[in-house]
Amino acid sequence: TFSKKNKRHAILNSWYTSMATSIMGVLLHPLGMTMVIPLVCYYPQLRAFHLIACALLFAAAICFTSGSYKMTLDVHTKSGFYRFKAIVFVQTVTIAYTRGYVWFTQMYVALSTFHQEGRTCFLIGGAIAGTLMSTFNILMILDAAGASATWLPKGFPQEQALKNELEEDFILRAAPSPSKGTVMASRRLFGLASARKVRVTVKMVVAANKFKSMLKKST
């Protein structure tokens with residue numbers, strides 16, 4: 001049950017919240033600005049810089065747009081359920097390619113360029129910033145992979161009890177800000193949300209879905 005699961009992780013809750021806040025606050029926008037501004041000023045022609053910037057923006061656009069649409073789906077219906085799974089797959093592939101393959105290969109190219117040109121400051125700064133950003137990207141990849149491992153093997157439930165269980169699981173695991181991957185989704189994925197917040201969220205979303213179904217029937 002939710003209460004037992006969250007009690008088991010109660011000790012880790014405050015620590016994980018602090019870690020998630022630090023990651024989102026330090027490893028995302030501030031870190032991005034500290035990396036981009038020097039490259040725009042001194043290496044505007046660097047191809048690796050162009051590829052990384054475009055890939056990460058592309059990933060954010062795809063994942064945020066599809067994720068926003070994903071949160072509007074009714075997973076009680078077959079079409080909504082399978083569309084949800086398709087979006088999870090697209091997001092996982094997008095994040096793995098952009099934040100995995102493109103990021104790590106092009107970061108190596110950029111650091112090699114700094115080393116060959118003898119730009120020690122750029123090499124050291126790039127290595128530090130690259131390590132921090134790599135940590136963030138790895139977390140995003142793991143989060144997306146966890147979502148795929150959770151949802152893709154599942155089939156559409158036929159019994160109402162299983163549908164209710166699926167709905168509660170969806171509420172716990174669905175990412176609230178999918179453009180980031182997300183850290184908060186990982187928090188729910190590993191059962192580290194507080195029991196009270198989980199119960200309130202479940203009740204609110206279940207009530208909203210029931211009201212939505214009633215409106216559809218009345219029209």
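Count residues from 1 along the sequence.
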**Q** Please examine the side chains of F58 and V102, heavy atoms only from C-beta on, and report whether any two atoms are closer than 4.5 Å.
**A** no
**Q** What distance separates Q116 CD from L123 CG, expressed to the nearest 0.5 Å?
**A** 11.0 Å
**Q** Could you check whether the rings of Y82 and F156 sit parallel, tilted or perpendicular, using 30° and 60° as the cut-offs?
**A** tilted
**Q** Check this for me: F104, atom CZ, are more than 12 non-hydrogen atoms of other residues, nucleotides or ligands nearer than 6.0 Å?
**A** yes
**Q** If hydrophobic clusters are built by linking Ile, Leu, Val, Met, Phe, Trp and Tyr wherever their side-chain heavy atoms come under 4.5 Å apart, do F122 and F49 end up in the same one?
**A** yes
**Q** What pair of heavy atoms forms the shortest contact from I52 to M107, and how long is it?
**A** CD1-N, 3.9 Å
**Q** Please tell me whether E117 and Y43 have a donor and an acceptor in their side chains that are separated by less than 3.5 angstrom.
**A** yes
**Q** Could you report the tightest heavy-atom contact between A127 and T131, atom names first, then the distance?
**A** O-OG1, 2.7 Å
**Q** According to a hydrophobic-cluster definition based on side-chain heavy atoms being under 4.5 Å apart (Ile, Leu, Val, Met, Phe, Trp, Tyr only), do L56 and L111 belong together?
**A** yes
**Q** Does Y97 belong to the same Ile/Leu/Val/Met/Phe/Trp/Tyr cluster as F64, with side-chain heavy atoms less than 4.5 Å apart forming each link?
**A** no
**Q** Indicate the atoms forming the closest heavy-atom contact of I141 with G100, along with that distance.
**A** CD1-CA, 3.6 Å
**Q** Just by modelled atom types, is the F84 backbone N or O under 3.5 Å from a matching donor or acceptor in the K70 side chain?
**A** no
**Q** If you look at every heavy atom in P153 and S148, which pair is closest and at what distance?
**A** CD-O, 3.4 Å
**Q** Count the heavy atoms of every other residue, nucleotide or ligand shown that sit under 6.0 Å from NE2 of H50, and state whether that count exceeds 12.
**A** yes
**Q** Checking side-chain polar atoms at under 3.5 Å, does R83 have a donor or acceptor matched by the opposite partner on Y69?
**A** yes
**Q** With rounding to the nearest 0.5 Å, note down the distance linking CE in M35 to CD1 in I128.
**A** 12.5 Å
**Q** Linking I/L/V/M/F/W/Y whenever any side-chain heavy atoms sit under 4.5 Å apart, do I138 and Y108 land together?
**A** no
**Q** Give, for atom CH2 of W103 and atom OG1 of T98, the distance between the pair rounded to the nearest 0.5 Å.
**A** 11.5 Å
**Q** What's the separation between atom CG in D143 and atom OG1 in T92, rounded to the nearest 0.5 Å?
**A** 9.0 Å
**Q** Return the CD1 to CG distance between I95 and L142, rounded to the nearest 0.5 Å.
**A** 11.0 Å
**Q** Are L51 and V36 joined in one hydrophobic group, where the rule is that I, L, V, M, F, W and Y side chains link up if heavy atoms are under 4.5 Å apart?
**A** no
**Q** Considering all heavy atoms of both residues, which atom of G80 and which atom of L73 are nearest to each other, and what is their separation?
**A** O-CD1, 3.7 Å
**Q** Measure the shortest side-chain to side-chain distance between P44 and L39 over non-hydrogen atoms and say whether it is less than 4.5 angstrom.
**A** no
**Q** Within the supplied structure, the quantity of interest is the number of heavy atoms (other residues, nucleotides, ligands) at a distance under 6.0 Å from F89 CZ; does it exceed 12?
**A** no
**Q** I want to check something: taking the side chain as every heavy atom from C-beta on, are R99 and M133 in contact at a cut-off of under 4.5 Å?
**A** yes
**Q** Search all heavy atoms of L46 against all heavy atoms of A110 and return the closest pair with its distance.
**A** CD2-CB, 4.1 Å
